[in-house]
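It should be emphasised that the depicted structure is a prediction, and the values quoted were computed from it without experimental measurement. Just so you know, these numbers use all the heavy atoms, side chains as well, and skip hydrogens, waters and symmetry mates. One-based numbering, in listed order, for ligands and for the atoms of each.
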Amino acid sequence: MTSLVHLTRNGAILWIEIDNPPVNAASQTVRQELMNGLLAARVDPSIEAVILCAAGRTFMAGADITEFDLTEIPQPDHSDVFNAVEALACPVIAAVHGTVLGGGLELSLAAHYRVALASTKLGLPEVKLGILPGAGGTQRLPRLAGVRAALDIMTGGVPISASKAKQLGIVDVVVEDGLRDAALALAVKLIEGKRQLRPTREITVDASTIEEGFFSSYAEALPPPDKGGLAAHAIVRCVKASLDLPFDEGLRLERAEFNVLKDTPESIALRHIFFAEREAMRIPGLPRDTTRREISSIGIVGAGTMGSGIAMCFANAGFPVTIAEVSKEALTKGLRTIQTNYESSLQKGRITNDEAQRRVGLISGVTDMLELRDCDLVIEAAFESLDVKRTICKQLGGICKVGAIIASNTSTLDINVLAEATGRPSDVVGMHFFSPAYVMRLLEVVRGDKTAPEVLATVMALAKTIGKSAVVSGVCYGFIGNRMLEPYLRETETLLMEGASPTQIDRAIEKVGLAMGPCRMIDMAGVDVAAKVVIERKKAGALAPDPSYRAVVQQLFTLGRLGQKSGAGYYRYEGRTPVEDPEVTAVCHQLAETHGIERRDNISDSEIVERCLFPLINEGAQILSEGIAYRAGDIDVVWVNGYGFPAYKGGPMHMLAYVGAAQIRERLAAYASIRGNAFGYWDISPQISGGEKLSLS
Ligand code: 3HC
């Protein structure tokens, strides 16, 4: 069997190199072989220094997350291995590069010295998996970086740069290149100078700036434990212990907290999303080595909110972008929006002035679409109207060079129709960005019937390059996300007509953990946008003959209540604060009368949650059974990264597995009998109406 840890002697220095591609995760074999290497060093007095390093693109990126599903993580324990590193009688240097994360950073912290390449990112992202650093991180990091910095790094889970790590005392030496030479030079210096060992555990945590009540006020600012904050609160307890308890007792507390957290529903859900995001990149029948087209320049049609946001996504990743708009005014407005957005990022300290200038400089504007002829990828981001988009696609089919990919940012329309309009449907794919496009991580990639495999493979790889979480959807109304949104919004509006208030609905949904309830969400996205979708679908004969269907949004639109942007929608706005508005109550009352809907004052929060979320989940199951989504996990990724579904709940399909098909089926059937099912709203998807065991993966 090939070894995952290589030992090489270089005079008095032992190199221990971890070689477990792709990310050198600390699997059981790695831990065991590391332990063997450390034992070899311990019993050999001729070894005067040890250098820990890793082969490939990164130092260890953490524990092997797949092991957390086991009832017990197999021996040897991470902490025992890392303690053995620290206990060696000769200096140990960690030479790190790439992404030094989780257990990888904890291993480095247990070494006596750390040398890093300047491009290295270091972090303890465990909180994002609903756990805490469980191999000494909560005890060693405060000793090196101080309590506040350690807490920020661990509760935020965001990696820091090597230079920041040096500034904080986490790293001793940073080099632009020649990592191994630098580690070797340090080892030689340490041997020659008979420099003492420097076990991190022996450092006293600096408590001088920690005032009374510090930890409780720090904890108060975190998300509450029942809103995804369980792990962050446990981190605070452990860091406090690093001040209050001897090192080994602190480690024991950390271990106990870790063992509890890893089995919580929150952590299981977050791990599900971690792997689902990666699984979503794999497309059945499309080998990983599928040829890809070269993409180095981007064209965008439309400088509106979507077009300018998409342009920023690509410029942020270093691509030159040309935006085409029909009128000079619209183009200038779009380019100004981009400039303003970058200025705001600059003011918030998110990018440097040079970076802002560089990004702005990558975006240019034209008023003639012909100028997009040399672009490798052209994305149309025009107004959501079939006629408009079809005309643009037809033009692009003639303008774009041979081999260029033509994408549409449509959120609901039929990609196959747009693809045919270009006259070259194999070059066409849907790229549905979410607003604001430069912020939202989700990208729905819509695979048309004739989309060429290499076009799909290219766009998926490109999505990763620009930092998006991509999910492939088949062609249907609204694709995965917006299609599931429909029954959710339908029930929201029916509940409003039955007597629930926008606040009550939003609060009930937000209590489940969704970032925003449906009424606030539509007010932000635009009542006009939402209403036009309903009106268009009605015109196209795509809706059931139900006159009450989403009557509220249409009426609000008629009244000019367009949402936040017009100061009123489902709510009235005082600044950005939503306030209940009697006018909306009156609208709902009147619509209920018109459509013969009985008003009630006994609508409970649980009814709201069941009626809004269970049909949404049912639609997800239907999407799966139709093959529109490849996997349940893909649907969860869409909802977590695009619609504010809480990652710690794992997405709607994960929720289905948790709540249980039987329960959801029973509730859907109950509402069908209470509300009637003339329009098939409560029909149960075969994925849910089948046996107890769901095949959702
Ligand atoms: N365990 C198991 N598998 C892992 C893994 C891990 N820690 N990290 C990555 N992988 C797998 C991925 O699932 C993926 O597998 P696939 O190719 O079969 O889909 C493969 O490695 C490559 O990963 P990415 O596609 O994510 O590669 P990138 O280059 O885009 O990103 C990375 C690399 C930044 C290291 C990213 O993978 C990452 O963030 N990994 C997780 C890091 C992390 O959370 N570490 C903490 C783990 S918990 C821990 O250490 C507990 C300790 O305190 C005891």
### Message
Any non-hydrogen side-chain atom of Met312 less than 4.5 Å from a side-chain atom of Tyr342?
### Response
yes
Protein N/O near ligand 1 N/O, under 3.5 Å, which pairs?
from: ligand 1; atom 1: 1 (N); to: Ala63; atom 2: O; distance (Å): 3.4
from: ligand 1; atom 1: 1 (N); to: Ile65; atom 2: N; distance (Å): 2.9
from: ligand 1; atom 1: 7 (N); to: Ala63; atom 2: O; distance (Å): 2.8
from: ligand 1; atom 1: 17 (O); to: Arg288; atom 2: NH2; distance (Å): 3.4
from: ligand 1; atom 1: 18 (O); to: Arg282; atom 2: NH1; distance (Å): 3.3
from: ligand 1; atom 1: 19 (O); to: Arg282; atom 2: NH1; distance (Å): 3.1
from: ligand 1; atom 1: 25 (O); to: Lys464; atom 2: NZ; distance (Å): 3.2
from: ligand 1; atom 1: 26 (O); to: Arg278; atom 2: NE; distance (Å): 2.7
from: ligand 1; atom 1: 26 (O); to: Arg278; atom 2: NH2; distance (Å): 3.2
from: ligand 1; atom 1: 29 (O); to: Arg57; atom 2: NH1; distance (Å): 2.3
from: ligand 1; atom 1: 30 (O); to: Lys464; atom 2: NZ; distance (Å): 2.8
from: ligand 1; atom 1: 45 (N); to: Ala61; atom 2: O; distance (Å): 2.9
from: ligand 1; atom 1: 50 (O); to: Ala63; atom 2: N; distance (Å): 2.8
from: ligand 1; atom 1: 50 (O); to: Gly103; atom 2: N; distance (Å): 2.8
from: ligand 1; atom 1: 53 (O); to: Glu106; atom 2: OE1; distance (Å): 2.6
from: ligand 1; atom 1: 53 (O); to: Glu126; atom 2: OE2; distance (Å): 2.7
from: ligand 1; atom 1: 53 (O); to: Gly134; atom 2: N; distance (Å): 3.0

### Query
Parallel under 30°, tilted from 30 to 60°, perpendicular over 60°: which one fits the rings of Phe68 and Phe258?
perpendicular
### Query
Do the rings of His78 and Phe82 sit parallel, tilted or perpendicular, given the 30° and 60° boundaries?
perpendicular
### Task
Taking the six-membered ring of Phe275 (Phe, Tyr or Trp), confirm whether the NZ or CZ of Arg271 is under 6.0 Å from its centre and within 45° of its axis.
no
### Message
Between Arg631 and Asp636, is the salt bridge (charged side-chain N to carboxylate O under 4.0 Å, His left out) condition met? List the steps.
### Response
CA-CA 9 Å; Arg631 295 159 281 248; Asp636 288 336; over 6 Å; no
### Message
Check this for me: does any side-chain nitrogen of one of Glu106 and Arg140 sit under 4.0 Å from a carboxylate oxygen of the other?
### Response
no
